[in-house]
Amino acid sequence: MTKISDLLAAGRTSSFEFFPPRTDEGERNLRDTLNELEPLDPSFVSVTYGAGGSTRERTHRIVVDILERTSMTPMAHLTSVAHTRDDLVGILTRYRDAGVENILALRGDPPADGGDATTELRHAIELVELAREVGGDAFSVGVAAHPELHPRSPDRASDRKHLAAKLCAADFGITQFFFRAEDYLRMIDELAELGCDTPVIPGVMPVTDVRQIQRFAELSGAAFPSDLAERFLAVEDDPGAVRQLGVETATELCQRLLDAGVPGLHFYTLNRSTATREIHANLGLSG
Ligand code: FAD
């Protein structure tokens, strides 16, 4: 059973996200990280995709490598921006033929220069539909959710309306990282009011570098709450203390989410294993 929809139906999931490294050293580091996290027995692991296709081959290679050489179930991220429909059919067909069963269907961000003339699928929901067309029952298809709204959404109501429609077409969602459990729980309530009960797995990013998280938060539209920022900035000069506080605050967030009955936990690892392993141990999760 390696489709994420089946795993979610069977119980709570735990999953880890990685990005395709650019260098040989990065590749070696990712291999080490995968080896260190495999004993935690994650339900699945995911590999991001560079919008526009910048990691097209690398994402494919790492996903298939995980499928063939480890005991872990991979999920491939795929973005539609700056790709033609034919490009996307080709990429999805290759995954299907390689036996990859899980796809995270995303729009991706437009290129910095704004030029995305080849984009044929305008919204992620169209990629969900294309994945169904190419894969049929072979794929379990997930989508992204933004508890604090997508940064380009003009208002809350339209954000939630499009998110509910996308989740209804998909098998599951995974959220952008956030720091307040209330933001996730409010989103789930709003989706329920719209008749959408597709499972949405919260994404958790343990803070290991304050400035980096502030940058990420700015880009993703997630708030880094000022009380939390203050606690981190007070120990900013001591990397060990920042990491320890990061593990502590992420553990607290995860525990609140678990108490609220979330369908799973998805960890943004940034290709490192230590914080994720410590949080797993604190929570008494499998492994
Ligand atoms: P969409 O669902 O298309 O939404 C984008 C915007 O369009 C929203 O404002 C939405 O409200 C609006 N919208 C949707 N449908 C309609 C409609 N029919 N009419 C009008 N407006 C509409 N990026 C990468 O490049 N690579 C990755 O691997 C990657 N992985 C990610 C993983 C997760 C878990 C998350 C949360 C995000 C990830 N991203 C990744 C970032 C993502 O690509 C960006 O947030 C992107 O800007 C939006 O993608 P989306 O799939 O949410 O788009």
Side-chain angles (χ1 to χ4, degrees), residues 4 13 15-22 44-60 62-63 74-83 88 91 95 100 102-112 114 116 119-131 141-179 183-184 187 190-191 194 196 198-205 216-222 262-271:
I4 293 170
T13 61
S15 50
F16 308 140
E17 179 170 316
F18 306 100
F19 63 85
R22 291 211 179 111
F44 66 94
V45 296
S46 81
V47 184
T48 63
Y49 187 82
S54 62
T55 68
R56 183 172 175 157
E57 282 310 311
R58 273 178 288 150
T59 299
H60 182 92
I62 295 166
V63 165
M75 173 175 77
H77 295 214
L78 180 59
T79 60
S80 63
V81 77
H83 277 318
L88 295 164
I91 295 167
Y95 278 128
V100 174
N102 302 295
I103 301 288
L104 192 69
L106 303 140
R107 180 185 193 278
D109 290 313
D116 64 348
T119 300
E120 288 184 356
L121 274 52
R122 292 276 151 196
H123 302 291
I125 191 171
E126 294 161 61
L127 185 56
V128 176
E129 286 155 4
L130 188 63
V141 185
V143 292
H146 293 78
E148 296 167 82
L149 309 182
H150 187 278
R152 281 199 303 280
S153 291
D155 55 68
R156 192 166 198 97
S158 73
D159 181 283
R160 292 315 190 222
K161 185 183 84 178
H162 295 311
L163 178 59
K166 180 171 75 165
L167 279 164
C168 284
D171 296 308
F172 61 94
I174 302 183
T175 77
Q176 185 55 272
F177 67 87
F178 57 92
F179 297 100
D183 291 322
Y184 169 86
M187 177 189 73
E190 288 167 343
L191 288 168
L194 293 170
C196 172
T198 306
V200 182
I201 305 171
V204 176
M205 172 93 83
F216 285 172
E218 229 164 81
L219 288 173
S220 71
V262 292
L265 291 172
H266 183 74
F267 292 92
Y268 290 97
T269 69
L270 301 179
N271 291 4

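In each ligand, atom 1 is the first atom listed, and ligand 1 is the first ligand listed. A quick note: this is a predicted structure, and the numbers were derived from the prediction, not measured.
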*Asks:* Output yes when the distance from some N or O of ligand 1 to some N or O of H150 is under 3.5 Å, and no in every other case.
*Replies:*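 There is such a contact, yes.
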*Asks:* Check this for me - ligand 1, H77, N or O atoms closer than 3.5 angstrom, yes or no?
*Replies:*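 N/O-N/O distance below 3.5 Å exists for this pair.
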*Asks:* To check your reading of the model: name the closest protein heavy atom to atom 9 (O) of ligand 1, its residue, and the distance in Å.
*Replies:*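 Answer for atom 9 (O) of ligand 1: S153 OG, 2.7 Å.
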*Asks:* Tell me the protein heavy atom at minimum distance from atom 38 (C) of ligand 1, and give that distance in Å.
*Replies:*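 Ranked first by proximity to atom 38 (C) of ligand 1 is L106 CD2, 3.6 Å.
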*Asks:* For residues 46-54, which side-chain donor-acceptor pairs fall under 3.5 Å, sequence neighbours excluded?
*Replies:*
from, atom 1, to, atom 2, distance (Å)
S46, OG, H77, NE2, 2.9
Y49, OH, H83, NE2, 2.7

*Asks:* Looking at atom 47 (O) of ligand 1, what's its closest protein heavy atom, distance included?
*Replies:*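 The closest heavy atom on the protein side is D109 OD1, 2.4 Å.
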*Asks:* Is there a heavy atom of F177 sitting under 4.0 angstrom from any atom of ligand 1?
*Replies:*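 No.
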*Asks:* Quick one: nearest non-hydrogen protein atom to atom 26 (N) of ligand 1, plus distance?
*Replies:*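 Protein heavy atom at minimum distance: Y49 O, 2.6 Å.
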*Asks:* Taking non-hydrogen atoms only, is H162 closer than 4.0 angstrom to ligand 1 via side chain, backbone, both or neither?
*Replies:*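 Looking at H162 and ligand 1, just side chain atoms fall under 4.0 Å.
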*Asks:* Could you see which bit of F19 sits under 4.0 Å from ligand 1, with heavy atoms only: side chain, backbone, both or neither?
*Replies:*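 No part of F19 comes within reach of ligand 1.
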*Asks:* Just go through V81, T79, L104 and tell me whose heavy atom is the nearest to atom 23 (N) of ligand 1.
*Replies:*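 Looking at heavy atoms only, T79 sits closest to atom 23 (N) of ligand 1.
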*Asks:* Set out, in order, the CA-CA distance, both residues' side-chain angles and the distance that settles side-chain contact (heavy atoms from CB on, under 4.5 Å) for I103 and Y95, then state yes or no.
*Replies:* CA-CA 9 Å; I103 301 288; Y95 278 128; 4.0 Å; yes
*Asks:* Do any nitrogen or oxygen atoms of T48 lie less than 3.5 angstrom from nitrogen or oxygen atoms of ligand 1?
*Replies:*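 Min N/O separation from ligand 1 is not below 3.5 Å for T48.
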*Asks:* To the nearest 0.5 Å, tell me how far F172 CZ sits from L104 CG.
*Replies:*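 Going from the CZ atom of F172 to the CG atom of L104 covers 6.0 Å.
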*Asks:* Are any of the N or O atoms of S158 closer than 3.5 Å to those of ligand 1?
*Replies:*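 Min N/O separation from ligand 1 is not below 3.5 Å for S158.
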*Asks:* Out of curiosity, is G108 lining ligand 1, as in a heavy atom under 4.0 Å away?
*Replies:*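 Within the 4.0 Å threshold, so yes.
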*Asks:* Ignoring hydrogens and angles, tell me if any N or O in the side chain of T55 forms a donor-acceptor pair with the backbone of P20 under 3.5 Å.
*Replies:*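 No; judged by distance alone, with no hydrogens or angles, the pair does not exist.
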*Asks:* Please find the pair of heavy atoms, one from A164 and one from L194, that lie closest to each other, and give the distance.
*Replies:*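 So the minimum-distance heavy-atom pair works out to CB-CD1, 3.9 Å.
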*Asks:* Taking only heavy atoms of Q176 into account, list the atoms of ligand 1 that are under 4.0 Å away from them.
*Replies:*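 Those of ligand 1 that fall under 4.0 Å from Q176 are 36 (C).
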*Asks:* Checking L88 against L78 for the side-chain contact (heavy atoms from CB on, under 4.5 Å) test, could you report, in this order, the C-alpha distance in whole Å, the side-chain angles of both residues, the deciding distance, and whether it holds?
*Replies:* CA-CA 8 Å; L88 295 164; L78 180 59; 4.1 Å; yes
*Asks:* For atom 35 (C) of ligand 1, what's the nearest protein heavy-atom neighbour? Residue, atom name and distance, please.
*Replies:*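 Answer for atom 35 (C) of ligand 1: A144 CB, 3.6 Å.
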*Asks:* Protein heavy atoms near atom 41 (C) of ligand 1, is at least one of them under 4.0 angstrom away?
*Replies:*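 Protein heavy atom within 4.0 Å of atom 41 (C) of ligand 1: absent.
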*Asks:* Taking only heavy atoms of H146 into account, list the atoms of ligand 1 that are under 4.0 Å away from them.
*Replies:*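 It comes down to these atoms of ligand 1: 45 (O), 52 (O).
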*Asks:* Measure up the H266 and F44 rings against each other and bin them: parallel (under 30°), tilted (30 to 60°), perpendicular (over 60°).
*Replies:*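 It falls in the parallel class, under 30°.
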*Asks:* Output yes when the distance from some N or O of ligand 1 to some N or O of Y268 is under 3.5 Å, and no in every other case.
*Replies:*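 By distance alone, the answer is no.
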*Asks:* Taking distance alone, with N or O pairs closer than 3.5 Å, would you say E17 contacts ligand 1?
*Replies:*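 It does not: no N or O of E17 is found under 3.5 Å from an N or O of ligand 1.
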*Asks:* Distance below 4.0 Å between atom 4 (O) of ligand 1 and any protein heavy atom?
*Replies:*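 Protein heavy atom within 4.0 Å of atom 4 (O) of ligand 1: absent.
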*Asks:* Considering residues at least two apart in sequence or located in another chain, which fulfil the side chain to side chain donor-acceptor pair (under 3.5 Å) criterion with R58?
*Replies:*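 Applying side chain to side chain donor-acceptor pair (under 3.5 Å) to R58 gives none.
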*Asks:* If you have a sec, work out which protein heavy atom is nearest atom 14 (C) of ligand 1 and how many Å separate them, to one decimal?
*Replies:*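 Of the protein heavy atoms, H123 ND1, 3.5 Å lies nearest.
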*Asks:* For ligand 1, which atoms have a heavy atom of T175 less than 4.0 angstrom away?
*Replies:*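 Near T175, meaning under 4.0 Å from one of its heavy atoms, ligand 1 has 34 (C), 36 (C).
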*Asks:* Flag A145 as yes when one of its N or O atoms lies below 3.5 Å from any N or O atom of ligand 1, and as no otherwise.
*Replies:*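 It does not: no N or O of A145 is found under 3.5 Å from an N or O of ligand 1.
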*Asks:* Look at atom 2 (O) of ligand 1 and say which protein heavy atom is nearest, naming residue and atom and giving the distance to 0.1 Å.
*Replies:*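 Ranking protein heavy atoms by distance from atom 2 (O) of ligand 1, first comes K166 NZ, 2.8 Å.
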*Asks:* With a 4.5 Å heavy-atom cut-off, do P202 and L265 have their side chains touching?
*Replies:*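 P202 reaches L265 side chain to side chain.
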*Asks:* Could you pull out the closest heavy-atom pair between R107 and T79, with the gap in Å?
*Replies:*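 Result for this residue pair: O-CB, 3.6 Å.
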*Asks:* Kindly indicate whether the side chain of F216, heavy atoms from C-beta on, has any atom under 4.5 Å from the side chain of F177.
*Replies:*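 SC-SC contact between F216 and F177 confirmed.
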*Asks:* Nearest non-hydrogen atom to atom 50 (P) of ligand 1 belongs to which of K161, M75, R107?
*Replies:*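 It is R107 that holds the nearest heavy atom.
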*Asks:* Take atom CZ in R152; do more than 12 heavy atoms of anything else shown fall under 6.0 Å from it?
*Replies:*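 Result for CZ/R152: enclosed.
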*Asks:* If you measure from each non-hydrogen atom of H266 to ligand 1, which part falls under 4.0 Å: side chain, backbone, both or neither?
*Replies:*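 No part of H266 is near ligand 1 at this cut-off.
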*Asks:* T269 and E17: which non-hydrogen atoms are nearest, and at how many Å?
*Replies:*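 Where T269 meets E17 most closely, the heavy atoms are OG1-O, 2.6 Å.
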*Asks:* How far apart are the closest heavy atoms of A145 and V200, and which atoms are they?
*Replies:*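 Scanning both residues, the minimum pair turns out to be CB-CG1, 4.0 Å.
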*Asks:* Of the non-hydrogen atoms in A144 and L163, which two are nearest, and what is the gap between them?
*Replies:*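 Scanning both residues, the minimum pair turns out to be O-CD1, 3.7 Å.
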